[in-house]
Amino acid sequence: MPEYASHIGKTKTVSDILLPNRIDHLASTLRGLQTDRSPSALFHAAGSGAICPNGWPNGWHWCFFNEAPEADALGRDGHEAPGTFIPELPLKRRMWASGKLEFAARPVAGKPAEKRTVIEAIEEKHGKTGPLIFVTLRHDVHQDGTVLVCETQTLVYREEASGQKKPAQQASIPPVSENTKPAREIRPDPVMLFRYSALTLNGHRIHYDADYARDVEGYGGIIFHAPLTATLLMGLAAHHAPGALRSFEFRALNTIEGLEPFSIGPTHHHEGGIDLAATLPGGRVAMEARAVFAPGKTV
């Protein structure tokens, strides 16, 4: 796509301070949904300026480095409109499709850090729902020259919705190994989703504006955040881990909408890690994921 070639390799850097209260807010928002290990307790075990000895909650970095565009730079969906960092695209409807995280080092509380983002790819495809544009971003979080997290994020842009309810994508019921533990039920509520949107400075209206999500984008109600689903799956993986997470990959298959309950659970143990899924009633898979552990290490 020659019209986008000049944008490949484009970079930007955002700075932030890794404030303990941001992790406190994440912990209180997810209280009762995470494992028994409190992210807040893990953070404060070290104190400001010290390395957390027991690790940080995976997904913590999504609460930092978030920008606040001016109101006139936003699209009707509440996100920053393409045309600034991401180029102007003919398709406007944005969703988080998949991601891969590599955890390289431990952060230090209370100190500055940076996130460097580069546009790695922009690809046009045609799916069952029509034309699609996939934008792949690479985020490297580093502190004092040390890389903490490497993330590959894939966004998908679709045609504007007609407002009619979209049929759910079909996904097979995940196979569950005999040695896996029972799934954990998650019951979303609008306050939790609003607080997570605020924590991550996510203005996407599908996560808090039920009328917009239903009448404009054709969903059955407000949408559960993909990174929040991934955070819950990472927390569950950490609960099963013999060591810290080394990497985590996830792919969204169906939206979790209208505050419908869903379950998260392991589906298969493999050498070095575990597969997991977030599953909707009736067996449709909302998200599938794979966690790989780093035995003997805590990140």
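The analysis underlying the following values was restricted to heavy atoms, covering all of them including side chains, and did not include hydrogens, waters or symmetry mates.
Annotation: the span from Asn66 atom CG to Thr200 atom OG1 amounts to 6.0 Å, rounded to 0.5 Å. Residue Asp209 holds its CG atom at 11.5 Å from CZ of Phe194, rounded to the nearest 0.5 Å. In this structure, the separation between CG on Asn21 and SG on Cys63 is 10.5 Å, given to the nearest 0.5 Å. Here the CD1 atom belonging to Ile86 is positioned 9.5 Å from the OG1 atom belonging to Thr117, to the nearest 0.5 angstrom. In this structure, Ile206 CD1 and Arg214 CZ are separated by 14.0 Å, a value rounded to the nearest 0.5 Å. Taken from CG in Leu232 to OG in Ser263, the straight-line distance is 11.5 Å, to the nearest 0.5 Å.
The side-chain heavy atoms of Val149 and Trp60, taken from C-beta on, include a pair separated by under 4.5 Å. Using a 4.5 Å heavy-atom cutoff, the side chains of Leu155 and Thr136 are not in contact. Side-chain contact check for Arg94 versus Val156: every heavy-atom pair is 4.5 Å or farther apart. Between Leu253 and Glu288, the closest side-chain pair of non-hydrogen atoms falls below 4.5 Å. Looking at Leu18 and Phe65, their side chains come closer than 4.5 Å, going by heavy atoms from C-beta outward. Using a 4.5 Å heavy-atom cutoff, the side chains of Lys92 and Tyr157 are not in contact. Using a 4.5 Å heavy-atom threshold, the side chains of Cys150 and Leu101 count as separate. For the pair Tyr4/Leu89, a side-chain contact is recorded, criterion being any heavy-atom separation below 4.5 Å from C-beta on.
Partner of Pro87 under the side-chain contact (heavy atoms from CB on, under 4.5 Å) criterion, out of Ile8, Val135, Ile122: Ile122 alone. Evaluated for a ring-ring contact (aromatic ring centres under 6.0 Å, His included) with Phe224, the options Tyr208, Phe262, Tyr219 yield exactly one hit, Phe262.
Residues meeting the salt bridge (charged side-chain N to carboxylate O under 4.0 Å, His left out) test with Arg290, sequence neighbours left out: Asp275. Judged as a side chain to side chain contact (heavy atoms under 4.5 Å, CB included), and not counting sequence neighbours, the contacts of Ala289 are Leu233, Phe248, Phe250. Taking Glu249 as the reference, Lys100 meet the side chain to side chain contact (heavy atoms under 4.5 Å, CB included) condition, with sequence neighbours excluded. With sequence neighbours excluded, no residue satisfies salt bridge (charged side-chain N to carboxylate O under 4.0 Å, His left out) with Glu80. Residues satisfying the salt bridge (charged side-chain N to carboxylate O under 4.0 Å, His left out) test with Arg195, not counting sequence neighbours, are none. Not counting sequence neighbours, the partners of Arg22 by the salt bridge (charged side-chain N to carboxylate O under 4.0 Å, His left out) test are Asp16.
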query: Where do Glu260 and Leu280 land on the side chain to side chain contact (heavy atoms under 4.5 Å, CB included) test, with the steps shown first?
result: CA-CA 8 Å; Glu260 66 179 327; Leu280 294 161; 3.5 Å; yes

- prompt: Stepwise, does the side chain to side chain contact (heavy atoms under 4.5 Å, CB included) test hold for Lys115 with Thr13?
  reply: CA-CA 6 Å; Lys115 182 179 79 171; Thr13 300; over 6 Å; no

- request: Show your reasoning for whether side chain to side chain contact (heavy atoms under 4.5 Å, CB included) applies to Phe85 and Ile119.
  value: CA-CA 9 Å; Phe85 181 65; Ile119 299 177; 3.6 Å; yes

query: Can you list the steps and then say if Glu114 with Arg116 is a salt bridge (charged side-chain N to carboxylate O under 4.0 Å, His left out)?
result: CA-CA 6 Å; Glu114 291 185 336; Arg116 179 180 181 271; over 6 Å; no

- request: Take His225 and Met192, measure what side chain to side chain contact (heavy atoms under 4.5 Å, CB included) needs, and give me the verdict at the end.
  value: CA-CA 10 Å; His225 308 68; Met192 178 206 309; over 6 Å; no

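Val141 and Trp96 fall within a single hydrophobic cluster, where Ile, Leu, Val, Met, Phe, Trp and Tyr side chains are chained together by heavy-atom contacts under 4.5 Å. When the side chains of ILVMFWY residues are joined at heavy-atom separations under 4.5 Å, either directly or via intervening members, Ile256 and Leu259 end up in a single hydrophobic cluster. Hydrophobic clustering (ILVMFWY, side-chain heavy atoms < 4.5 Å, transitive): Leu228 and Ile186 are in one cluster. Val292 is not connected to Leu148 by any chain of hydrophobic side-chain contacts under 4.5 Å among Ile, Leu, Val, Met, Phe, Trp and Tyr, and they are in different clusters. Phe64 and Trp62 fall within the same hydrophobic cluster, defined by Ile, Leu, Val, Met, Phe, Trp and Tyr side-chain heavy atoms under 4.5 Å apart, directly or through other members.
Taking every heavy atom of both residues into account, Ile133 and Pro90 meet most closely at CD1-CD, 3.7 Å. Closest heavy-atom contact between Pro131 and Leu91: O-CD1, 3.4 Å. Gly110 and Ile17 get closest at one heavy-atom pair: O-CG2, 3.7 Å. Considering every non-hydrogen atom in both Ala226 and Met287, the closest pair reads O-CE, 3.4 Å. When every heavy atom of Gly221 is checked against every heavy atom of Glu257, the shortest pair comes out as O-CB, 4.1 Å. When every heavy atom of Thr231 is checked against every heavy atom of Gly59, the shortest pair comes out as OG1-CA, 4.3 Å.
Ionic pairing of Glu217 and Arg158 is not present here: no N-O contact between side-chain nitrogen and carboxylate oxygen is shorter than 4.0 angstrom. Look at Glu151 and Arg138 and you find no salt bridge, because none of the NZ, NE, NH1 or NH2 atoms lies under 4.0 Å from a carboxylate O. Ion pairing between Lys111 and Asp144 holds under the 4.0 Å rule for side-chain N and carboxylate O.
Distance alone, capped at 3.5 Å, places no donor-acceptor pair between the Gln153 side chain and the Leu137 backbone. Side chain of Tyr196 to backbone of His207: no donor-acceptor contact under 3.5 angstrom is found. With hydrogens and angles disregarded, no donor-acceptor distance shorter than 3.5 Å links the side chain of Arg251 to the backbone of Ala97. A donor-acceptor pair under 3.5 Å is formed between the side chain of Asn254 and the backbone N or O of Val285. Under the 3.5 Å distance criterion, the side-chain polar atoms of His270 are matched with a main-chain donor or acceptor of Ile274. At distances below 3.5 Å, at least one donor-acceptor pair connects side-chain atoms of Gln143 with backbone N or O atoms of Val108.
Under the 6.0 Å distance and 45° angle rule, Lys125 counts as a cation-pi partner of Phe134.
Between the side chains of Ser197 and His204, no donor-acceptor pair is found at a separation under 3.5 Å.
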